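Protein chains get the first letters and strands the later ones, always in sequence-line order, with residue 1 at the start of each. The structure presented is a predicted model; accordingly, all values stated were derived computationally and were not measured.
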Amino acid sequence: MSDQPVIHTRDLTKYFGPKCAVNSLDLAIPRGCVFAFLGRNGSGKSTTIRMLLGLLQPDRGEASLLGCDSRALTPAVRARIGYLTEEHQIYGWMTVGEAGSFQAAFYPRWNEKIFRGVIGHFGLDPRAQVKHLSRGMRAGLCLALTLAPDPELLILDDPALGLDAVARRSLIESMIYLTRRADRTIFFSSHHLADVERVADYLAVLDYSVLRACCPLEIFRNSVREVQLRFAGAPPTLPPIPGLLQAFRTENELRVTCVHYNEETERALRALGPLALETVPLGLEDAFIHYLGERGEKSFILPGSEASV
Amino acid sequence: MRLLFRKELREHFKIALIGLAVFGVMLSLAFSRCTSLVDHSATYGGSFSNDESQQPLLSTNLLTQAAFFCAAFGMLLGWLQIRAEKHPDLWAFLVHRPVPRDTILAGKILSGLLLYAAGAGVPFLGLVLVAATPGHVAAPFEWAMTLPSLAIFLAGISFYFAGLLTGIRAARWYGSRTFGLGPAIIAVLPAFGVDEFWQALLFIVIAQALLAVAVWGSFRTGGHYANQPIVSKLALLLSCTVSVAVLLGLLSGGAMSLFLSRPDYSYTYYQLTKDGQLLKITRRGMDEGSITDLNGAPVLDEITGQKLLLKDLARRYGMGMSARANVAEDKSGQAESRSYSNPGRFFLPWAVFDKMIWYLTTDGRLVAYHFVNRRQVASFLPPPDPGETEGRFQPPPPYTYRTPYETLTALPTDRTVYAIDLEKPEAKPLFTTSADNGIIGFAQMVSRLSPPSSNLVLVLSRTSIHLLNFEGRPRLELPFQPPPSQYSIVSVQFFESGGYGVRFDPDHRVNQKLGGVLRSHIKWVDANGVVSRIMDLPNSPEVNRDSLWDKLTVVFVPPAIPVYPVWTEYRVAYGMRILLVLVCVGFGWWLGRRNNLPRSALIGWGLFHLLFGVPGFLAFLAVKEWPPKESCSSCQRLRVMNLRACPHCGSEVPPPSKTGIEIFETLEVK
């Protein structure tokens, strides 16, 4: 097994008009991991994926998949990459079975069992026309078409977008049980943090087109901390805290969220003279929301109140 | 590719079926219109025009409709084939598969061509089969008559490629996606205008090659100009240049028709009146103009005493006849001089009577078709000339007009002119030349209602000109001087006094070769046949070159296309053209520098603008994708962002600024 990253980007940059959609993205994703690519809407996730697959030309920088330049992916390399698009578009006039046969003819490693398994999992009738399928069923068919070629690298662009909870769970289950294989790499973007938490090894977070985090899931979760400080009266003014994400102020409480919480941070907070200081563990979803939420200090004190800041 | 081919067929067969139905109905209606016109003309009389040929395969009306359909159908089909997969996710589903994009495109094009053939070709084929089967069309049929239909069918394929290009191209300007249409339009026009099929085919093949290469390159890059192979970049650029040139021409023409109420051209000609006076007439448009004598003095109306007006000019004209001399040894060349799509290339409707239509075919035969059963029912050939084994009439000269209900006619062979009565039918020789002097031109003024002595035939031989009546009696004989090798048009004007004015006009092509030195020559002949006066007409320009349209053409036509010699009247236009080209070169250079194009690209674009002027420059703006630009963080000057180093100060693009919340950890294989 090669140590070469399966996905590698260097200074990958894309502009749409004057707007920078992806800014100097450097990624190196090892083989065999499940990698979550996170960010808010419009942060550049889909653009990155489209550049990785050579569907969009970057303005600067380069990307390679399985060691092959993204701008010139050969048919042989494409055969090793499965790609599931976010809107699950397939030809509406095809039946489920026709879609399978159509796709199968192009892939030498097409696994009919996987295809049958996934469409069975989603309860799809092979004679049903794609245009008559619900969104969840179409997602299931797309997943079946993506998994059945038995790809080494699976790129899923928000595969659960627009699906209800049951369909989403179904899709994620299929992803977990049918795709997990030692040498298979899964790169997926998602807004559903619970799903990410369940399946991903690593994550990367894009914030306004810039990569802000790329690390194992646990490290991300542990890096983002919320600290609750209680005061006798109104909380004092917060000094500059390194890695501060948010600070919520109530009448006698200050809740601070920051990254890289350490002794220095704690000393700075204790210098405020709180009655109590408590560190609250965060789940991935909360950590992510705080991480990408509005930065700075906020107050929940009603105007006119004595303790208003 | 087989699967992709089948997928495309399955996806778009409906459009082919709709096309088949619509075009089938269109052709059926046009066909029945042609045949009903023949029936109508044959029953009620009336004139035949070449616009509505008796042979539907050559009907301008039918062919024009077909050309419009093939263009629209081809364009729509191509555009839909791309448009159906324009959604980024569906596009990704199509192209992200282990086959080269060229294969995907080949599948699309092959299926598209098959669908086009089904929608446009099958109805055409049906039309050809019906026309070729005796009993459907009361007119002669030759396989060469199918060539105009074939040219139109093939020209539609150019529109198919234009549709593909329109669908695939990523364009920034609203409407500039349609820039693939230019070459297709240029390809379809010669289908009607050129002399030979191969010439039309050449235009079509060039346009298709250009568009196909542009489609190929654009499909490879998902519609973007950047990263295309150089050959497809060139093809795309040329396609767009042609389109912009066509667009500029249309806009100039449209603007002029909107803003110029006065016709912008005038022309001068000379005309003999029935009393032998020579008038100089200068016309400006349809209604305006002046009538003077040769000294420039206005000609007065003898009734009003005022200046003679154009509308009163007809009163001054007498009867006249005109014949064109063809000095070529092979008279069949006359037919060749017509376009391959012109019915006159094959036959001329000669007479209609007794439910029969007589045609003079280009192989020198009069043939009759019955317009009820639409089959050939009679054929008529003249006796052979001395020394010949088979008689044949000379093919009709170009632009011959016939009153079709006239059954009395005169027709020449190479040496003899026959008076023919088609009702009997019988041929009586009127005039025979000697063995070394053939008949090279012919005109007649014949009516069954007139006495034979008033029916006149003008015969041009190599050495002489003869005006005869239908009894064979000569009315006028003159040597053909100046010679027919230089003067090909002879007109005889009848004066009220009984005399004639015989005018010799130079052959246009010969005169062009000689630099325009030949001038029209007039002989005044009295009633006794004696030449009383000879005159060469002043060599006035036929068209005043003050046409704004022409000048705009000079300004906008790419310098690479030599359109006109440098006339003094065009000095300003040529000056403007040079100025505009220089502006384009300069502006292109500035744009290139601003976007940090390498020097070789700057020089290449400069040459391109020099060759293709304004249309080339606009095409350049339409296709070129500029890199994003931002202020350099070091030197503060605007810099391109597709390069790591600033072209002004050399500093590298700084990495995104840190906010202190970054979480990075080396990822390892688990």
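Heavy atoms closer than 4.5 Å to chain A are found in both the backbone and the side chain of B/R644. With a threshold of 4.5 angstrom between heavy atoms, B/L643 approaches chain A through N, CA, C or O but not through any side-chain atom. With a 4.5 Å cut-off on non-hydrogen atoms, B/P100 touches chain A through its backbone and its side chain both. Contact annotation for B/T103: neither backbone nor side-chain heavy atoms come within less than 4.5 Å of a heavy atom of chain A. Residue A/L73: no heavy atom, backbone or side chain, is found under 4.5 Å from chain B. Within the 4.5 angstrom heavy-atom criterion, no atom of B/V640 approaches chain A.
For the side-chain hydrogen bond (donor to acceptor under 3.5 Å, both in side chains) test, no residue two or more places apart in sequence or in another chain qualifies with A/E264. Shown here are the ring-ring contact (aromatic ring centres under 6.0 Å, His included) partners of B/W589, two or more places apart in sequence or in another chain: there are none.
Heavy-atom neighbours of chain A within the stretch residues 10-22 of chain B, taken at a separation under 4.5 angstrom, comprise B/R10, B/E11. The interface of residues 11-19 of chain A with chain B, defined by heavy-atom distances below 4.5 Å, comprises A/D11, A/Y15, A/G17.
Classification of the B/H96-A/Y83 ring pair by plane angle, with boundaries at 30° and 60°, yields perpendicular.
Residues A/E87 and B/H87 bring a donor and an acceptor atom of their side chains to less than 3.5 Å of each other.
Going from atom OH of A/Y91 over to atom NZ of B/K7 covers 3.5 Å, rounded to the nearest 0.5 Å.
Nearest heavy atom pair, residue A/L244 against residue B/I661, reads O-CG2, 4.2 Å.
Listed for the A/R60 side chain is a donor-acceptor partner under 3.5 Å among the backbone atoms of B/M641.
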